[in-house]
Amino acid sequence: MTPIPDTTQKQATAQGSVIYYRDGKSVLARQGVDRRKVELARVPEHVRDAVIAAENRSFYEDAGVSLKGTGRAVWSTLTGQQLQGGSTITQQLVRNYYSGLSQERSVTRKFKEILIAMKVDQSKSKDWVLEQYLNTIYFGRGANGIQSAARAYFGKDVEELTVSEGAYLAAVIQQPSRFADPKGTDLVAARERWQSVINAMGQTGALTAEQVAAQQFPELTTPKKPFELKGQAQYMLEQVTAELNRRGYTDEDINSGGLKIVTTFDKKLMTAAQRAVEDTLPDDTPKKVRTGLAAVDPATGEVVAFYGGKPSQSRYYDSAFSAKVMAGSTFKPYTLAAALDNGFELSDRVDGNSPLRVASASQAIPNDGDRSYGQINLISATQNSVNTAFVDLGQKVGLDKVAKVAEAAGIPAEQLDKQKEAASFPLGVSSVSAVQNASGFSTFANKGVHVEAHVVKSVTDAEGRKEVVKPVETKVVGGQAAADTTYAMQQVVKYGTGTAARLYDRPVAGKTGTTDDSRSVWFNGFTPQLAVAVNMFRDDNATVTIPGYGTQFGGQLPAQIWREFMTVAMEGKPVEEFPEPSEYGWTSRYSEPDRDTQQPDQGYSPPPSQDGWDDRPEPGTTPPPFSDEPPVTETPDDGGRGPDEQPEQTSPPDPDLPDQPSVPEGGVDQGRGGRQEQPGGGR
C-alpha cells in the first residue's frame, strides 16, 4: 500500500548550467545548483569503498534497511564514536531523492521511508542506488554530488581522487558544514573522522593493514568564493539569459537543467573593447556620459564583443544592448542602400541646396549653417554627410522603402514607426542600440544579407543533446547595391568625416553621426570580417562634452575608440578587399588612392584639418569648433517633422531604471549638410 514515488525532488537531481565564452572552454558564469552527474563507473572503487565504510558497511548485503545499523548508530552516539548514521544508504537516498517524503522527524515518516527503501532494494540494483546516492548527497562548499565535491575540495575530477581524498569526502557526508573548511577544534574532529573512515576501510577489507598505516591526511584546497560576476560579465549573463528565454529555455532549465551554453563572446575581444573605451576616454570624463561598443561578425550574426559601460554606474541597463539613442547620420546608409536597390546609381544627383522645401514638412529644411552644395552625386552626399541631399533622396525613393531596408537589416519596426513618415526620417531621428546599428551595417559587409544578431552559439543538455543556434538570414538588398553603399562609405573614411577611423593596413567603410546639440554621437564602421558601432551619449540627454576635447562629434572620440578596438580585433587577420562597386563608382574624382602613397602608416594619426582641428588635441585644451557658432539644430523648430508631428518631450529617467537615457525621438542629425565639416573631423 506504500508505492515508490514516481517523481523525484527537483533539488535532488538539479544540475546547474555552465556558460562559456565562444571557445567552449573559458567559463563565463555558472548558474544554479553546483552538481555534475557522473556514472558509477567513473567513481574509483576505493572512493565507493570509503563511502560504504563510512555510511553503510552492509550495503551490498542488506535489504535496504538495517536494524543492526540502527542499533549500532545509537551505541555509536552514546560512546561518542559517531562513525555511522542510523540510516542505510538506500534509506538516505529515498529520503533525499523521491518526492513526497518530508524531512521532519516523525515515526510515520520514518516508517514510510523504511517501506519505500525495502521496495527500492527489491526493484533496483545496488549499483543504481549507489550511483544516485553519490550524485545526490550534499558535501559542503556548495557542492552537490561526488564530482562537484572532488572539484571543490581537491580541484580535480572524481576519477583522480586518491584513497586519502576519497576517505575525506566520505567523512564530510556526516557533517558537511563543519568539515567544509575545518580549523582549530573542527580540524581536530575532521582528522579523527577521516582516520575512522580509513580504519573502517581496513575492517571491511577494502584496504590492507599496510595501506591503512600508509595513509596521510590530504591537503584541502582553499574554498573558492561564491562565483561572482564582475564587469561586463553581468551584462553578458543578462543577454544570454534573455536570448535563451526567447528560444524557449526557462529560468528553471538554466538553473537546474545542467546545460552547457556556449556564447558568441570572444574573451580577448571583450577585453579589447573595454580597453579601447577606457584607455581612449580621459579619466575625468563626466559620469553621466555613457559609451557603448558592439562588434558583430557579418557572416554569422554573432555578437563577438561589446562594451556596455561600468555596471557600478549603470546597474539596470547597458550602453550596447539596452540603451537606444538617435542614430543620426549613421542611418543615412540605409537610405542610400534603399535607393541603390531601387534603380538609383551612385552617379545620380540629388538636391544639396539649403533650405529644402518638402511638402510633408511644415517648414523648409535647411542645412546646418544654411550651406548649399547644389546638385551632388550620391558619393559626395555620403562622403560629406549632406542632410538635404538625403532628405531629397528619401523623398525620391520613398520613405517606406527606407524603413523596409532598415527593418530588414535588424532594426525593429516599433523603433521606426513613429518617425518613418517624417521628411527627416533619413537623417536618423529613430533611436537604435549599438548592437542593432552594428548588426545593420554588417548587412553591407555581408553583400546585402543580414544575419540575425545573437549571443548564443549552442546549448548542450545534461543528456549530451546539442542544439546549434541557426540565426535567421534575410536578403536586404542586392549584392551590387551593398557593394556601392560600401564604396560610398569608404570615401567617408578616406576623405570625409571619418578619417580618424582609418586602419593602416586594410580598407575600412563607415559613417559618422552626430545628433542635435551632440546629444548622441556615433561612428559605425566595418571591414569585410567585422562590423563595429561606437556611440556616446548622456543619460540626461544633454550635450556630450569631454574635458580637454570639448563638444563631441562622431568623427572625434567615437572614431578613435573604434580604431583602437579594430586595431586589436584585426591583428593577424588576412587583409580582405570589399567587392568592387559598379563601374559608375570609379570616377577620376573618387578613384582608389594609391595605398603605397595615400594609406596611413602603422603609426598613423590623422593630421590637423584645414580649420586647425586635430584628431586628438593636447590634454587640457579644447579644439576649435567647425564654425564660430556652437552646434545648432539643422532644421527649423519642427526638426523636419511633418505638420502634425510633435517631438516627444524629454522625460526624467524611469525611477525603476536609474540613469537610463531619455532621448527624444524627434531630433535631427548635425551632419555635414551645411556647416562645413573638414575632412578628418566631421559628424
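For clarity, every value in this text was computed on a predicted model and none was experimentally measured.
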TODO: I would like to know whether Q436 and K324 meet side-chain contact (heavy atoms from CB on, under 4.5 Å); could you show each step before the answer?
DONE: CA-CA 9 Å; Q436 289 170 346; K324 298 173 178 64; 3.7 Å; yes
Decide yes or no for [X] and [Y]: does some side-chain heavy atom of the first lie under 4.5 Å from some side-chain heavy atom of the second?
X	Y	value
L530	K573	no
E160	P44	no
E302	H454	yes
Q174	R193	yes
V120	V94	yes
I89	I52	yes
D23	K267	no
R275	E564	no

Please check if the side chain of [X] supplies one atom and the backbone of [Y] the other of a donor-acceptor pair under 3.5 Å.
X	Y	answer
H46	L161	yes
D253	T250	yes
Y138	G142	yes
N255	Q31	no
W562	A533	no
N135	E131	yes
T241	L237	yes
S148	R36	yes

TODO: Using a strict cut-off of less than 4.0 Å between a Lys/Arg side-chain nitrogen and an Asp/Glu carboxylate oxygen, indicate whether E165 and K156 qualify as a salt bridge.
DONE: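 Salt bridge flag = yes for K156 with E165.
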Open item on the list: Looking at K183 and D181, is there a salt bridge between them, counting it only when a charged N and a carboxylate O are closer than 4.0 Å?
Closed with: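 Here D181 pairs with K183 in a salt bridge, since their nearest N and O are under 4.0 Å apart.
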Give, for atom [atom1] of [X] and atom [atom2] of [Y], the distance between the pair rounded to the nearest 0.5 Å.
X	Y	atom1	atom2	answer
I561	L281	CD1	CG	4.5 Å
Q232	T271	CD	OG1	9.5 Å
T264	K457	OG1	NZ	8.0 Å
R35	Q15	CZ	CD	7.5 Å
T291	M536	OG1	CE	4.0 Å
E452	T300	CD	OG1	11.5 Å

Open item on the list: Quick check on E61: does its CD atom have over 12 non-hydrogen neighbours (other residues, nucleotides or ligands) under 6.0 Å away?
Closed with: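 Count over threshold, so yes.
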Write down the atom of [X], the atom of [Y], and the distance for their closest heavy-atom approach.
X	Y	result
F565	V532	CE2-CG2, 3.7 Å
A438	A294	CB-O, 3.6 Å
A273	L293	CB-CD2, 3.9 Å
L244	I261	CD1-CD1, 3.5 Å
A434	S319	CB-O, 4.2 Å
S17	L259	OG-N, 3.0 Å

- [ ] Could you walk me through whether L130 and Y60 pass the side-chain contact (heavy atoms from CB on, under 4.5 Å) test, one step at a time?
- [x] CA-CA 10 Å; L130 185 58; Y60 277 103; 3.9 Å; yes
Among side-chain atoms of [X] and [Y], is any donor-acceptor pair under 3.5 angstrom?
X	Y	answer
D297	Q529	no
R95	S87	yes
E238	Y317	no
N446	S442	no
Y249	E243	no
Y133	N56	no
N199	S196	no

Open item on the list: Determine whether K260 and K466 satisfy the following criterion, side-chain contact (heavy atoms from CB on, under 4.5 Å), listing intermediate values before the conclusion.
Closed with: CA-CA 9 Å; K260 177 182 178 181; K466 185 175 183 179; over 6 Å; no
Quick one: does NZ or CZ of [X] land under 6.0 Å from the six-membered ring centre of [Y], within 45 degrees of the ring axis?
X	Y	answer
R290	F537	no
R141	Y153	yes
K126	F59	yes

Open item on the list: Is there a side-chain contact (heavy atoms from CB on, under 4.5 Å) between V455 and F321? Walk through the geometry before answering.
Closed with: CA-CA 11 Å; V455 300; F321 289 88; 3.9 Å; yes
Open item on the list: side-chain hydrogen bond (donor to acceptor under 3.5 Å, both in side chains) for Q92 and E55? Distances and angles first, verdict last.
Closed with: CA-CA 10 Å; Q92 292 182 55; E55 294 296 315; 3.0 Å; yes
Open item on the list: The criterion is ring-ring contact (aromatic ring centres under 6.0 Å, His included); which residues satisfy it with F265, sequence neighbours excluded?
Closed with: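 For F265, the residues satisfying ring-ring contact (aromatic ring centres under 6.0 Å, His included) (neighbours in sequence not counted) are F306.
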Open item on the list: Before you tell me yes or no, could you show the steps for K268 and D266 under salt bridge (Lys or Arg N to Asp or Glu O under 4.0 Å), namely the whole-Å CA-CA distance, both residues' side-chain angles and the distance that decides it to 0.1 Å?
Closed with: CA-CA 6 Å; K268 174 186 174 183; D266 185 294; over 6 Å; no
Open item on the list: Against Y168, only a single residue in F179, W194, F217 fulfils ring-ring contact (aromatic ring centres under 6.0 Å, His included); can you say which?
Closed with: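 Testing Y168 for a ring-ring contact (aromatic ring centres under 6.0 Å, His included) against F179, W194, F217 leaves exactly one candidate, F217.
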- [ ] Verify side-chain hydrogen bond (donor to acceptor under 3.5 Å, both in side chains) between R57 and Q203, making sure each step is shown before the conclusion.
- [x] CA-CA 10 Å; R57 295 184 198 177; Q203 294 168 11; 2.9 Å; yes
